[in-house]
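Remarks on the structure that follows.
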Amino acid sequence: MSQDTNYDTFAEAYNAENETSLLNAYYERPAMLKLAGQVQGKTILDVGCGGGVLSEELLRRGATVHGFDASQAMLDIARRRLGAQAQLKCADLSEPLPYAENSFDDACASLVLHYLQDWSAPLAELRRVLKPGGRLLISVNHPLLYPLTHQGVQYFKTTRYTDELEFDGQQGSLTYWHRPLHAMSDAFARAGFSIELISEPPYSKEAPDELVPENLKDRDAFVSFIFFVLR
């Protein structure tokens, strides 16, 4: 994907963290799967599939899964995980996608769009490859996350920023684009999508106690990601 984050440099560490972390394994992924609902018999596109953890669960639930990612290292991990069960390709969401029109019942874009400055072409491509009536499930950084964690910044200004994080003991840089909520909904509308649902879910009650910070143990939810179901 044409963005500043290069997952190839820390793919194995990120994948290890993704499999077990509170934010991924017990918050984002359960929420995305709940929104996906009954997937038996559906053909689903995993957008920015990474190491294939979401694809694996969709396959287990009876979906036919196609996935793509811009990181070859992440795709290598996904292929080790999934084998021939899913059809995986190296592709960039900011460029035309290698799929025919009306190919998928649903598409899941987990924590992908916030890496891109321009959503117009990616959303248009995702709408093109969805079947009529198909759904696009999206999770992105919550629009309040950037102003809450970077004091003094402007909420209403679309802004590029970088976080230095640690994944399974290895340092990695993630560069995002903050955009206010209205900019997200405007982009969805311009691409021809209607918003069916906005979700700000709690983390899973199955999260191990040691993964939940003390300041979150008395909460049902917290500001991290926001989820959309578009049609």
Side-chain angles (χ1 to χ4, degrees), residues 5 7 10 13-39 46-48 50-51 53-54 56-58 60-61 106 108-115 135-185 187-188 195-230:
T5 299
Y7 276 99
F10 51 91
Y14 178 84
N15 182 69
E17 183 90 7
N18 182 47
E19 290 189 9
T20 60
S21 72
L22 175 66
L23 286 180
N24 296 106
Y26 297 99
Y27 174 49
E28 193 280 336
R29 197 153 52 249
M32 183 63 74
L33 289 166
K34 183 177 180 180
L35 293 177
Q38 175 56 254
V39 299
D46 189 354
V47 179
V53 185
L54 178 63
E56 184 176 47
E57 186 60 31
L58 292 169
R60 190 185 71 79
R61 297 180 182 205
D106 290 339
C108 298
S110 290
L111 307 179
V112 176
L113 283 172
H114 51 217
Y115 293 117
R135 300 183 305 161
L136 174 57
L137 282 58
I138 293 173
S139 61
V140 291
N141 286 339
H142 198 288
L144 289 179
L145 184 63
Y146 174 60
L148 284 176
T149 57
H150 297 73
Q151 293 300 312
V153 301
Q154 297 183 39
Y155 169 79
F156 289 104
K157 182 180 179 181
T158 298
T159 306
R160 175 186 176 275
Y161 69 101
T162 298
D163 283 341
E164 300 294 335
L165 302 170
E166 184 176 293
F167 302 107
D168 196 39
Q170 182 177 342
Q171 293 299 120
S173 297
L174 299 183
T175 297
Y176 311 107
W177 283 90
H178 159 77
R179 51 182 30 86
L181 182 60
H182 80 269
M184 297 182 188
S185 63
F188 300 151
I195 298 176
E196 194 167 272
L197 179 71
I198 299 176
S199 178
E200 297 170 304
Y203 61 86
S204 170
K205 298 303 182 185
E206 296 180 5
D209 190 64
E210 63 271 17
L211 289 183
V212 183
E214 286 297 327
N215 65 328
L216 296 182
K217 288 182 178 178
D218 61 345
R219 301 187 190 181
D220 289 327
F222 53 90
V223 173
S224 186
F225 306 134
I226 189 168
F227 297 76
F228 300 91
V229 177
L230 311 180

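Position 1 is the first residue of the sequence, and the numbers go up from there.
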Q: Just do the side chain to side chain contact (heavy atoms under 4.5 Å, CB included) check on I138 and I226 with the steps written out, would you?
A: CA-CA 8 Å; I138 293 173; I226 189 168; over 6 Å; no

Q) Should H178 and N141 be marked as a side chain to side chain contact (heavy atoms under 4.5 Å, CB included) after you check the CA-CA gap, both sets of side-chain angles, and the distance that decides it? A) CA-CA 8 Å; H178 159 77; N141 286 339; over 6 Å; no

Q: Starting from the C-alpha separation in whole Å, work towards a yes-or-no answer on salt bridge (charged side-chain N to carboxylate O under 4.0 Å, His left out) for E57 and R61.
A: CA-CA 6 Å; E57 186 60 31; R61 297 180 182 205; 2.8 Å; yes

Q. So D168 and N15, side chain to side chain contact (heavy atoms under 4.5 Å, CB included) or not? Walk me through it.
A. CA-CA 9 Å; D168 196 39; N15 182 69; over 6 Å; no

Q | Test side chain to side chain contact (heavy atoms under 4.5 Å, CB included) applied to N18 and R29, step by step | A | CA-CA 10 Å; N18 182 47; R29 197 153 52 249; 3.3 Å; yes

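When all heavy atoms are compared, the tightest approach of T20 to Y26 is O-CE1, 3.7 Å. Taking every heavy atom of both residues into account, T175 and Y115 meet most closely at O-CD2, 3.2 Å. Contact detail for A109 and L136: the closest heavy-atom pair is CB-CD1, 4.4 Å. In terms of heavy-atom proximity, P30 sits nearest to N24 at CD-O, 3.8 Å. K217 and V212 get closest at one heavy-atom pair: CE-O, 2.8 Å. Closest heavy-atom contact between S110 and L54: OG-CD2, 3.5 Å.
Taking the six-membered ring where tryptophan is involved, the planes of F222 and Y27 are tilted, since the angle between them lies from 30° to 60°. Using bins of under 30°, 30° to 60° and over 60° for the plane-to-plane angle, the ring pair F227/F225 lands in the perpendicular bin.
Atom CG of residue D106 and atom CG of residue D46 lie 12.0 Å apart, to the nearest 0.5 angstrom. Here the straight-line distance linking atom OG of S185 with atom CZ of F228 works out to 7.5 Å at 0.5 Å rounding. From E200, atom CD reaches atom CG of L144 across 8.0 Å, with rounding to the nearest 0.5 Å. To the nearest 0.5 Å, atom CG of residue L211 and atom CG of residue L216 are 11.5 Å apart. Taken to the nearest 0.5 Å, the OG atom of S139 stands 9.0 Å off from the CG atom of L35. To the nearest 0.5 Å, atoms CG (L23) and OG (S224) are separated by 4.5 Å.
Within a 6.0 Å sphere centred on OH of Y161, other residues, nucleotides and ligands contribute more than 12 heavy atoms. By the 6.0 Å contact criterion, CD on E164 is enclosed, its count of non-hydrogen atoms from other residues, nucleotides or ligands being greater than 12.
Counting heavy atoms from C-beta outward, Y14 and Q170 have side chains that stay 4.5 Å or more apart. In this structure, F10 and L174 have side chains that are in contact, with non-hydrogen atoms separated by less than 4.5 Å. By the 4.5 Å heavy-atom criterion applied to side chains, L113 and W177 are not counted as neighbours. Residues K34 and P201 have side chains not in contact (no heavy-atom distance under 4.5 Å, counting atoms from C-beta outward).
Aromatic pair Y176/Y146: ring centres not closer than 6.0 Å.
A donor atom on one side chain and an acceptor atom on the other are not found under 3.5 Å apart for Q154 and T159.
Checking side-chain atoms of Q151 against main-chain N and O of L148 turns up a donor-acceptor pair under 3.5 Å.
Both tests pass for K205 against the ring of Y203: distance under 6.0 Å to the centre and angle within 45° of the axis.
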